[in-house]
Amino acid sequence: MTTNDELFARAQEVIPGGVDSPVRAFGSVGGTPRFYVEASGPYVTDAEGNRYIDLVASWGPALVGHSHPEVVEAVVAAARRGLSFGAPTPAETELVEEIISRVPIVDRLRLVSTGTEATMTAIRLARGATGRDLLVKFSGHYHGHSDGLLAAAGSGLATFALPGSAGVPEPIAAQTLVVPYNDREALEAVFAAHPGRIAAVITEAAAANMGVVAPDPGFSAFLGDLARREGALVISDEVLTGFRAGRSGYWGVLRDAGEVTTPDLLTFGKVIGGGLPVAAVGGRADVMDLLAPSGPVYQAGTLSGNPVAVAAGLATLRLADDEAYARLDRAASRLAGEVGSALTEAGVPHAIQHAGTLLSVFWGEAVTGGVRNYETAQRQDVKRYGAFFHSMLEQGIALPPSAFEAWFVTAAHDDDVLDQIVEALPAASRAAASA
Ligand SMILES: *Cc1c(COP(=O)(O)O)cnc(C)c1O
(Lines give C-alpha, C1' and ligand atoms only; values in the text may rest on other atoms or scores of the structure.)
Protein backbone atom coordinates (compact mmCIF):
# COMPACT_ATOMS: atom_id res chain seq x y z
CA MET A 1 0.00 0.00 0.00
CA THR A 2 1.16 3.52 -0.75
CA THR A 3 0.39 5.95 2.07
CA ASN A 4 -0.90 9.51 1.79
CA ASP A 5 2.46 10.66 3.21
CA GLU A 6 4.36 8.83 0.48
CA LEU A 7 2.05 10.13 -2.24
CA PHE A 8 2.37 13.69 -0.97
CA ALA A 9 6.19 13.46 -0.80
CA ARG A 10 6.31 12.10 -4.35
CA ALA A 11 3.89 14.75 -5.66
CA GLN A 12 5.92 17.54 -4.05
CA GLU A 13 8.96 16.48 -6.11
CA VAL A 14 7.19 17.26 -9.38
CA ILE A 15 4.11 19.42 -8.67
CA PRO A 16 4.54 22.83 -6.93
CA GLY A 17 3.43 22.26 -3.34
CA GLY A 18 2.30 18.77 -4.35
CA VAL A 19 -1.14 20.01 -5.46
CA ASP A 20 -2.85 21.48 -8.51
CA SER A 21 -4.84 24.04 -6.49
CA PRO A 22 -3.45 25.62 -3.28
CA VAL A 23 -6.16 24.87 -0.67
CA ARG A 24 -5.74 21.13 -1.25
CA ALA A 25 -2.30 21.21 0.40
CA PHE A 26 -3.78 21.49 3.96
CA GLY A 27 -1.58 24.57 4.51
CA SER A 28 -4.00 26.27 6.89
CA VAL A 29 -4.93 23.18 8.95
CA GLY A 30 -1.56 21.38 8.83
CA GLY A 31 -0.94 17.70 8.21
CA THR A 32 -0.94 15.61 5.07
CA PRO A 33 -3.65 15.93 2.43
CA ARG A 34 -5.59 12.76 1.71
CA PHE A 35 -5.08 11.44 -1.81
CA TYR A 36 -8.46 10.24 -2.99
CA VAL A 37 -8.91 7.33 -5.34
CA GLU A 38 -12.69 6.96 -5.35
CA ALA A 39 -15.91 8.78 -4.50
CA SER A 40 -19.49 7.61 -4.32
CA GLY A 41 -22.62 9.26 -2.90
CA PRO A 42 -21.63 11.08 0.32
CA TYR A 43 -18.28 9.25 0.60
CA VAL A 44 -14.70 9.64 -0.58
CA THR A 45 -11.99 6.97 -0.19
CA ASP A 46 -8.27 7.67 0.10
CA ALA A 47 -5.31 5.71 -1.22
CA GLU A 48 -4.93 3.92 2.14
CA GLY A 49 -8.48 2.59 1.84
CA ASN A 50 -9.96 4.94 4.48
CA ARG A 51 -13.49 6.04 3.69
CA TYR A 52 -14.71 9.50 4.77
CA ILE A 53 -18.05 11.24 4.77
CA ASP A 54 -17.32 14.17 2.48
CA LEU A 55 -18.38 17.75 3.25
CA VAL A 56 -16.45 19.30 0.37
CA ALA A 57 -18.34 17.75 -2.57
CA SER A 58 -15.55 18.79 -4.95
CA TRP A 59 -16.24 22.39 -3.74
CA GLY A 60 -19.83 22.15 -4.84
CA PRO A 61 -20.28 20.17 -8.08
CA ALA A 62 -21.23 16.85 -6.41
CA LEU A 63 -24.67 18.31 -5.62
CA VAL A 64 -26.55 15.03 -6.10
CA GLY A 65 -23.78 12.95 -4.49
CA HIS A 66 -20.49 11.74 -5.95
CA SER A 67 -20.58 9.59 -9.07
CA HIS A 68 -24.37 9.46 -9.27
CA PRO A 69 -25.16 6.47 -11.53
CA GLU A 70 -27.26 8.59 -13.92
CA VAL A 71 -24.51 11.18 -14.25
CA VAL A 72 -21.83 8.54 -14.83
CA GLU A 73 -24.04 6.81 -17.41
CA ALA A 74 -24.59 10.10 -19.27
CA VAL A 75 -20.84 10.75 -19.26
CA VAL A 76 -19.98 7.27 -20.54
CA ALA A 77 -22.62 7.49 -23.27
CA ALA A 78 -21.36 10.92 -24.35
CA ALA A 79 -17.74 9.72 -24.33
CA ARG A 80 -18.68 6.80 -26.59
CA ARG A 81 -20.21 9.24 -29.09
CA GLY A 82 -17.09 11.42 -29.13
CA LEU A 83 -14.77 13.14 -26.66
CA SER A 84 -14.62 16.51 -28.40
CA PHE A 85 -15.64 17.87 -31.77
CA GLY A 86 -14.56 21.50 -31.87
CA ALA A 87 -17.97 22.22 -33.41
CA PRO A 88 -21.40 23.03 -31.96
CA THR A 89 -23.40 20.15 -30.46
CA PRO A 90 -27.14 19.91 -29.66
CA ALA A 91 -26.53 19.26 -25.95
CA GLU A 92 -24.87 22.65 -25.43
CA THR A 93 -28.13 24.39 -26.29
CA GLU A 94 -30.03 22.03 -23.97
CA LEU A 95 -27.72 22.85 -21.04
CA VAL A 96 -28.03 26.58 -21.73
CA GLU A 97 -31.83 26.29 -21.94
CA GLU A 98 -31.90 24.42 -18.63
CA ILE A 99 -29.88 27.18 -16.94
CA ILE A 100 -32.04 29.95 -18.45
CA SER A 101 -35.20 28.17 -17.30
CA ARG A 102 -33.90 28.46 -13.74
CA VAL A 103 -32.72 32.08 -14.02
CA PRO A 104 -35.02 33.69 -16.58
CA ILE A 105 -33.32 37.11 -16.34
CA VAL A 106 -30.58 35.47 -18.42
CA ASP A 107 -31.33 35.97 -22.15
CA ARG A 108 -28.14 34.48 -23.57
CA LEU A 109 -25.40 32.33 -22.11
CA ARG A 110 -22.02 31.18 -23.36
CA LEU A 111 -20.29 28.06 -22.04
CA VAL A 112 -16.63 28.14 -21.04
CA SER A 113 -14.51 25.67 -19.05
CA THR A 114 -13.72 27.43 -15.75
CA GLY A 115 -15.21 30.03 -13.45
CA THR A 116 -12.06 32.09 -13.92
CA GLU A 117 -12.75 32.36 -17.65
CA ALA A 118 -16.40 33.19 -17.00
CA THR A 119 -15.67 36.19 -14.74
CA MET A 120 -12.80 37.34 -16.98
CA THR A 121 -15.16 37.36 -19.95
CA ALA A 122 -17.93 39.08 -17.98
CA ILE A 123 -15.54 41.90 -17.10
CA ARG A 124 -14.34 42.27 -20.70
CA LEU A 125 -17.98 42.41 -21.81
CA ALA A 126 -18.80 45.08 -19.22
CA ARG A 127 -15.84 47.17 -20.39
CA GLY A 128 -16.83 46.66 -24.01
CA ALA A 129 -20.43 47.63 -23.30
CA THR A 130 -19.65 50.76 -21.26
CA GLY A 131 -16.40 51.96 -22.80
CA ARG A 132 -15.08 52.33 -19.24
CA ASP A 133 -12.11 50.61 -17.59
CA LEU A 134 -12.51 50.49 -13.80
CA LEU A 135 -13.88 47.53 -11.91
CA VAL A 136 -15.22 47.49 -8.35
CA LYS A 137 -14.97 44.29 -6.31
CA PHE A 138 -15.65 43.44 -2.68
CA SER A 139 -12.96 42.52 -0.20
CA GLY A 140 -12.93 38.76 0.50
CA HIS A 141 -14.94 37.89 -2.62
CA TYR A 142 -13.26 35.39 -4.91
CA HIS A 143 -13.81 35.39 -8.65
CA GLY A 144 -11.03 33.14 -9.91
CA HIS A 145 -7.38 33.89 -10.52
CA SER A 146 -7.23 36.35 -13.43
CA ASP A 147 -4.80 39.26 -12.91
CA GLY A 148 -7.32 42.06 -12.35
CA LEU A 149 -9.21 40.06 -9.74
CA LEU A 150 -6.16 39.21 -7.64
CA ALA A 151 -6.28 42.69 -6.17
CA ALA A 152 -5.96 43.78 -2.56
CA ALA A 153 -7.56 46.90 -1.12
CA GLY A 154 -5.42 50.02 -1.37
CA SER A 155 -4.85 52.40 1.54
CA GLY A 156 -8.21 54.17 1.29
CA LEU A 157 -11.64 53.07 0.16
CA ALA A 158 -11.57 54.96 -3.11
CA THR A 159 -7.91 54.29 -3.95
CA PHE A 160 -6.81 51.82 -6.57
CA ALA A 161 -6.01 48.28 -5.55
CA LEU A 162 -2.56 46.76 -5.14
CA PRO A 163 -1.48 43.44 -6.67
CA GLY A 164 -2.92 40.56 -4.62
CA SER A 165 -0.30 38.13 -5.93
CA ALA A 166 3.26 38.27 -7.14
CA GLY A 167 3.25 38.52 -10.90
CA VAL A 168 0.27 40.87 -11.17
CA PRO A 169 1.46 44.18 -12.68
CA GLU A 170 0.57 47.25 -10.62
CA PRO A 171 -1.12 49.02 -13.55
CA ILE A 172 -3.48 46.04 -13.92
CA ALA A 173 -4.35 45.89 -10.21
CA ALA A 174 -4.91 49.66 -10.43
CA GLN A 175 -7.90 49.06 -12.71
CA THR A 176 -9.67 47.50 -9.70
CA LEU A 177 -11.17 49.20 -6.64
CA VAL A 178 -11.81 47.07 -3.58
CA VAL A 179 -14.55 47.98 -1.08
CA PRO A 180 -15.90 46.26 2.07
CA TYR A 181 -18.91 43.99 1.53
CA ASN A 182 -22.34 45.05 2.75
CA ASP A 183 -21.15 48.66 3.05
CA ARG A 184 -23.50 51.04 1.21
CA GLU A 185 -21.52 54.16 2.05
CA ALA A 186 -18.25 52.73 0.76
CA LEU A 187 -19.94 51.83 -2.50
CA GLU A 188 -21.38 55.31 -2.88
CA ALA A 189 -17.98 56.82 -2.06
CA VAL A 190 -16.18 54.80 -4.70
CA PHE A 191 -18.62 55.90 -7.40
CA ALA A 192 -18.38 59.51 -6.21
CA ALA A 193 -14.58 59.40 -6.41
CA HIS A 194 -14.49 58.01 -9.97
CA PRO A 195 -17.46 59.52 -11.80
CA GLY A 196 -18.16 58.03 -15.22
CA ARG A 197 -15.18 55.67 -15.03
CA ILE A 198 -16.53 52.48 -13.42
CA ALA A 199 -17.52 49.79 -15.93
CA ALA A 200 -18.91 47.27 -13.45
CA VAL A 201 -19.27 46.06 -9.92
CA ILE A 202 -18.58 42.34 -9.55
CA THR A 203 -19.99 40.56 -6.51
CA GLU A 204 -20.47 37.01 -5.37
CA ALA A 205 -24.25 36.56 -5.29
CA ALA A 206 -23.66 35.57 -1.66
CA ALA A 207 -20.06 35.51 -0.50
CA ALA A 208 -18.90 31.93 0.11
CA ASN A 209 -15.13 32.10 -0.26
CA MET A 210 -14.46 33.88 3.08
CA GLY A 211 -16.85 31.56 4.84
CA VAL A 212 -20.51 32.15 4.04
CA VAL A 213 -21.53 35.81 4.23
CA ALA A 214 -24.90 36.53 2.64
CA PRO A 215 -25.71 40.04 1.45
CA ASP A 216 -27.62 42.09 4.04
CA PRO A 217 -31.32 42.32 3.21
CA GLY A 218 -31.70 44.92 0.46
CA PHE A 219 -27.96 45.25 -0.21
CA SER A 220 -28.03 43.48 -3.60
CA ALA A 221 -30.98 45.59 -4.78
CA PHE A 222 -29.23 48.76 -3.51
CA LEU A 223 -26.10 47.80 -5.44
CA GLY A 224 -28.17 47.28 -8.61
CA ASP A 225 -29.94 50.64 -8.29
CA LEU A 226 -26.73 52.55 -7.60
CA ALA A 227 -24.84 50.93 -10.50
CA ARG A 228 -27.71 51.63 -12.90
CA ARG A 229 -27.84 55.30 -11.87
CA GLU A 230 -24.10 55.54 -12.44
CA GLY A 231 -24.16 53.80 -15.83
CA ALA A 232 -22.18 50.79 -14.58
CA LEU A 233 -23.09 47.11 -14.95
CA VAL A 234 -23.52 44.56 -12.18
CA ILE A 235 -21.86 41.17 -12.56
CA SER A 236 -23.32 38.64 -10.14
CA ASP A 237 -20.87 35.76 -9.70
CA GLU A 238 -22.92 32.61 -9.08
CA VAL A 239 -20.05 30.21 -9.89
CA LEU A 240 -20.35 28.77 -6.39
CA THR A 241 -23.93 29.64 -5.40
CA GLY A 242 -25.48 28.81 -8.78
CA PHE A 243 -27.78 25.82 -8.37
CA ARG A 244 -26.13 25.03 -5.02
CA ALA A 245 -27.69 27.70 -2.79
CA GLY A 246 -31.04 26.78 -4.35
CA ARG A 247 -32.80 25.70 -7.56
CA SER A 248 -32.37 29.15 -9.13
CA GLY A 249 -29.09 29.98 -7.44
CA TYR A 250 -28.82 32.80 -4.94
CA TRP A 251 -30.74 35.00 -7.39
CA GLY A 252 -33.68 32.66 -6.67
CA VAL A 253 -33.09 32.75 -2.91
CA LEU A 254 -33.34 36.57 -3.03
CA ARG A 255 -36.38 36.44 -5.32
CA ASP A 256 -38.15 34.03 -2.96
CA ALA A 257 -37.41 36.45 -0.12
CA GLY A 258 -39.09 39.24 -2.12
CA GLU A 259 -35.89 41.00 -3.22
CA VAL A 260 -35.88 41.62 -6.96
CA THR A 261 -32.40 41.87 -8.45
CA THR A 262 -31.52 42.12 -12.13
CA PRO A 263 -27.76 41.83 -12.54
CA ASP A 264 -26.70 42.60 -16.11
CA LEU A 265 -24.34 39.64 -16.27
CA LEU A 266 -24.14 36.43 -14.26
CA THR A 267 -21.47 33.77 -14.10
CA PHE A 268 -21.93 30.09 -13.29
CA GLY A 269 -19.61 27.12 -12.79
CA LYS A 270 -19.08 24.27 -10.34
CA VAL A 271 -22.56 22.59 -10.23
CA ILE A 272 -23.32 23.20 -13.94
CA GLY A 273 -20.50 20.81 -14.88
CA GLY A 274 -21.53 18.14 -12.38
CA GLY A 275 -17.83 17.50 -11.64
CA LEU A 276 -16.44 18.11 -15.13
CA PRO A 277 -15.12 21.46 -16.37
CA VAL A 278 -18.06 23.64 -17.41
CA ALA A 279 -18.71 27.26 -16.51
CA ALA A 280 -20.73 30.00 -18.18
CA VAL A 281 -21.26 33.71 -18.58
CA GLY A 282 -24.73 34.99 -19.35
CA GLY A 283 -27.07 37.94 -19.06
CA ARG A 284 -28.85 40.66 -21.00
CA ALA A 285 -29.12 39.99 -24.73
CA ASP A 286 -27.79 43.43 -25.75
CA VAL A 287 -24.64 42.95 -23.66
CA MET A 288 -24.10 39.26 -24.45
CA ASP A 289 -24.50 39.91 -28.18
CA LEU A 290 -21.34 42.01 -28.00
CA LEU A 291 -19.42 38.71 -27.81
CA ALA A 292 -17.64 37.44 -30.93
CA PRO A 293 -18.75 36.37 -33.46
CA SER A 294 -21.88 38.53 -33.13
CA GLY A 295 -20.01 41.48 -31.63
CA PRO A 296 -16.57 43.05 -31.09
CA VAL A 297 -15.64 41.54 -27.66
CA TYR A 298 -13.37 38.55 -28.24
CA GLN A 299 -13.65 35.26 -26.37
CA ALA A 300 -13.04 31.65 -27.43
CA GLY A 301 -12.25 28.17 -26.08
CA THR A 302 -10.97 24.99 -27.75
CA LEU A 303 -12.84 22.78 -25.27
CA SER A 304 -15.75 25.17 -24.49
CA GLY A 305 -19.01 23.23 -24.39
CA ASN A 306 -17.13 19.93 -24.37
CA PRO A 307 -19.71 17.19 -25.00
CA VAL A 308 -18.66 14.91 -22.13
CA ALA A 309 -18.60 17.78 -19.63
CA VAL A 310 -21.93 19.13 -20.88
CA ALA A 311 -23.49 15.66 -20.48
CA ALA A 312 -22.35 15.58 -16.83
CA GLY A 313 -23.78 19.04 -16.20
CA LEU A 314 -27.12 18.33 -17.87
CA ALA A 315 -27.57 15.02 -16.03
CA THR A 316 -26.74 16.73 -12.72
CA LEU A 317 -29.15 19.63 -13.26
CA ARG A 318 -31.92 17.23 -14.33
CA LEU A 319 -31.47 15.35 -11.05
CA ALA A 320 -31.42 18.63 -9.11
CA ASP A 321 -35.19 18.90 -8.75
CA ASP A 322 -37.25 20.39 -5.93
CA GLU A 323 -37.02 17.14 -3.98
CA ALA A 324 -33.21 17.16 -4.20
CA TYR A 325 -33.11 20.76 -2.92
CA ALA A 326 -35.47 19.81 -0.09
CA ARG A 327 -33.03 17.04 0.90
CA LEU A 328 -30.06 19.42 0.67
CA ASP A 329 -31.91 21.99 2.73
CA ARG A 330 -32.81 19.45 5.41
CA ALA A 331 -29.25 18.13 5.58
CA ALA A 332 -27.73 21.63 5.79
CA SER A 333 -30.19 22.78 8.47
CA ARG A 334 -29.73 19.69 10.61
CA LEU A 335 -25.94 19.85 10.26
CA ALA A 336 -25.89 23.52 11.25
CA GLY A 337 -28.11 22.87 14.26
CA GLU A 338 -26.08 19.90 15.49
CA VAL A 339 -22.71 21.63 14.99
CA GLY A 340 -24.03 24.68 16.83
CA SER A 341 -25.27 22.58 19.77
CA ALA A 342 -22.03 20.61 20.05
CA LEU A 343 -19.86 23.74 19.96
CA THR A 344 -22.05 25.51 22.51
CA GLU A 345 -21.99 22.44 24.75
CA ALA A 346 -18.17 22.42 24.60
CA GLY A 347 -18.00 26.18 25.21
CA VAL A 348 -16.55 27.09 21.83
CA PRO A 349 -17.52 30.62 20.72
CA HIS A 350 -18.65 30.57 17.11
CA ALA A 351 -21.12 31.80 14.51
CA ILE A 352 -22.84 29.63 11.91
CA GLN A 353 -23.98 31.39 8.73
CA HIS A 354 -26.12 30.29 5.77
CA ALA A 355 -26.84 31.24 2.20
CA GLY A 356 -29.54 28.89 0.96
CA THR A 357 -28.19 25.34 1.40
CA LEU A 358 -24.63 26.63 1.92
CA LEU A 359 -23.28 26.97 5.43
CA SER A 360 -20.05 27.71 7.24
CA VAL A 361 -18.77 28.08 10.77
CA PHE A 362 -16.78 31.06 12.03
CA TRP A 363 -14.63 30.48 15.11
CA GLY A 364 -13.81 32.55 18.16
CA GLU A 365 -15.05 35.37 20.37
CA ALA A 366 -14.52 38.09 17.73
CA VAL A 367 -17.17 36.66 15.37
CA THR A 368 -20.01 35.69 17.72
CA GLY A 369 -21.92 38.85 16.70
CA GLY A 370 -22.00 37.53 13.11
CA VAL A 371 -19.82 38.22 10.10
CA ARG A 372 -20.84 40.76 7.42
CA ASN A 373 -17.50 41.43 5.76
CA TYR A 374 -13.95 40.19 5.28
CA GLU A 375 -12.50 42.35 8.01
CA THR A 376 -14.56 40.52 10.63
CA ALA A 377 -14.08 37.12 8.95
CA GLN A 378 -10.32 37.55 9.28
CA ARG A 379 -10.61 37.99 13.05
CA GLN A 380 -11.67 34.38 13.51
CA ASP A 381 -9.59 31.99 15.57
CA VAL A 382 -8.37 29.56 12.91
CA LYS A 383 -6.46 27.31 15.31
CA ARG A 384 -9.77 26.16 16.81
CA TYR A 385 -10.84 25.09 13.35
CA GLY A 386 -7.58 23.19 12.78
CA ALA A 387 -8.19 21.13 15.92
CA PHE A 388 -11.85 20.53 15.02
CA PHE A 389 -10.93 19.62 11.43
CA HIS A 390 -8.35 16.99 12.43
CA SER A 391 -10.56 15.39 15.06
CA MET A 392 -13.35 15.07 12.49
CA LEU A 393 -10.94 13.67 9.91
CA GLU A 394 -9.69 11.03 12.35
CA GLN A 395 -13.31 10.10 12.93
CA GLY A 396 -13.94 9.72 9.21
CA ILE A 397 -15.48 13.08 8.32
CA ALA A 398 -13.70 15.19 5.67
CA LEU A 399 -14.33 18.92 6.10
CA PRO A 400 -12.90 21.69 3.91
CA PRO A 401 -9.23 22.19 4.87
CA SER A 402 -9.66 25.89 5.71
CA ALA A 403 -11.84 27.87 8.10
CA PHE A 404 -12.61 30.29 5.25
CA GLU A 405 -14.44 27.75 3.08
CA ALA A 406 -18.10 26.83 2.93
CA TRP A 407 -19.29 23.36 3.96
CA PHE A 408 -21.03 21.41 1.22
CA VAL A 409 -23.65 18.73 1.78
CA THR A 410 -25.04 16.63 -1.05
CA ALA A 411 -28.47 15.16 -1.71
CA ALA A 412 -26.89 11.82 -0.69
CA HIS A 413 -26.31 13.03 2.89
CA ASP A 414 -29.29 11.19 4.38
CA ASP A 415 -30.19 10.82 8.05
CA ASP A 416 -27.88 7.82 8.58
CA VAL A 417 -24.93 9.76 7.19
CA LEU A 418 -25.82 12.80 9.29
CA ASP A 419 -26.14 10.58 12.39
CA GLN A 420 -22.51 9.52 11.87
CA ILE A 421 -21.42 13.15 11.58
CA VAL A 422 -23.35 14.02 14.76
CA GLU A 423 -21.57 11.23 16.67
CA ALA A 424 -18.21 12.76 15.80
CA LEU A 425 -19.11 16.29 16.91
CA PRO A 426 -18.63 16.16 20.70
CA ALA A 427 -15.00 14.98 20.54
CA ALA A 428 -14.17 17.45 17.75
CA SER A 429 -15.82 20.28 19.69
CA ARG A 430 -13.80 19.43 22.80
CA ALA A 431 -10.64 19.44 20.66
CA ALA A 432 -11.60 22.91 19.40
CA ALA A 433 -12.29 24.06 22.97
CA SER A 434 -8.82 23.07 24.18
CA ALA A 435 -6.96 24.36 21.10
C1 LIG B 1 -14.73 28.72 -7.70
C2 LIG B 1 -15.08 30.12 -7.99
C3 LIG B 1 -14.59 30.81 -9.11
C4 LIG B 1 -13.51 30.25 -9.99
O5 LIG B 1 -13.90 29.10 -10.68
P6 LIG B 1 -12.77 28.12 -11.25
O7 LIG B 1 -13.56 27.11 -12.03
O8 LIG B 1 -12.05 27.56 -10.07
O9 LIG B 1 -11.88 28.94 -12.12
C10 LIG B 1 -15.09 32.07 -9.39
N11 LIG B 1 -16.01 32.64 -8.60
C12 LIG B 1 -16.49 32.02 -7.51
C13 LIG B 1 -17.52 32.71 -6.68
C14 LIG B 1 -16.02 30.76 -7.15
O15 LIG B 1 -16.47 30.18 -6.03
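Basis for what follows: all heavy atoms, side chains included, without hydrogens, waters or symmetry-related copies. Atoms within a ligand are numbered from 1 in the order they appear, just like the ligands themselves.
- Taking 4.0 Å as the cut-off, K270 counts as a neighbour of ligand 1 on heavy-atom distance.
- At least one N or O atom of G115 sits closer than 3.5 Å to an N or O atom of ligand 1.
- Near D237, meaning under 4.0 Å from any of its heavy atoms, are these atoms of ligand 1: 10 (C), 11 (N), 12 (C), 13 (C).
- The aromatic rings of W363 and F388 sit tilted relative to each other, their planes meeting at an angle between 30° and 60°.
- Against a heavy-atom cut-off of under 4.0 Å, L240 is close to the following atoms of ligand 1: 15 (O).
- The shortest contact between atom 8 (O) of ligand 1 and any protein heavy atom is with T116 OG1, 4.6 Å.
- For atom 5 (O) of ligand 1, a protein heavy-atom neighbour is present inside the 4.0 Å cut-off.
- With respect to atom 3 (C) of ligand 1, the closest heavy atom belonging to the protein is V239 CG1, 3.6 Å.
- For D329 and T357, the side-chain atoms include no donor-acceptor pair closer than 3.5 Å.
- The closest non-hydrogen atom to atom 10 (C) of ligand 1, taken over M120, H145, H143, comes from H143.
- Between I202 and V234 the shortest side-chain heavy-atom distance does not fall below 4.5 Å.
- Between Y52 and Y36, the angle of the ring planes lies from 30° to 60°, which puts this pair in the tilted group.
- For OH of Y298, the number of neighbouring non-hydrogen atoms (other residues, nucleotides, ligands) closer than 6.0 Å is 12 at most.
- For the ligand labelled ligand 1, residue N209 lies inside the 4.0 Å heavy-atom shell.
- Annotation: E204 places no N or O atom under 3.5 Å from an N or O atom of ligand 1; distance criterion only.
- Judged purely by distance below 3.5 Å, without hydrogens or angles, the side chains of E405 and S402 never pair a donor atom with an acceptor atom.
- T410 pairs by the side-chain hydrogen bond (donor to acceptor under 3.5 Å, both in side chains) definition with H413, not counting sequence neighbours.
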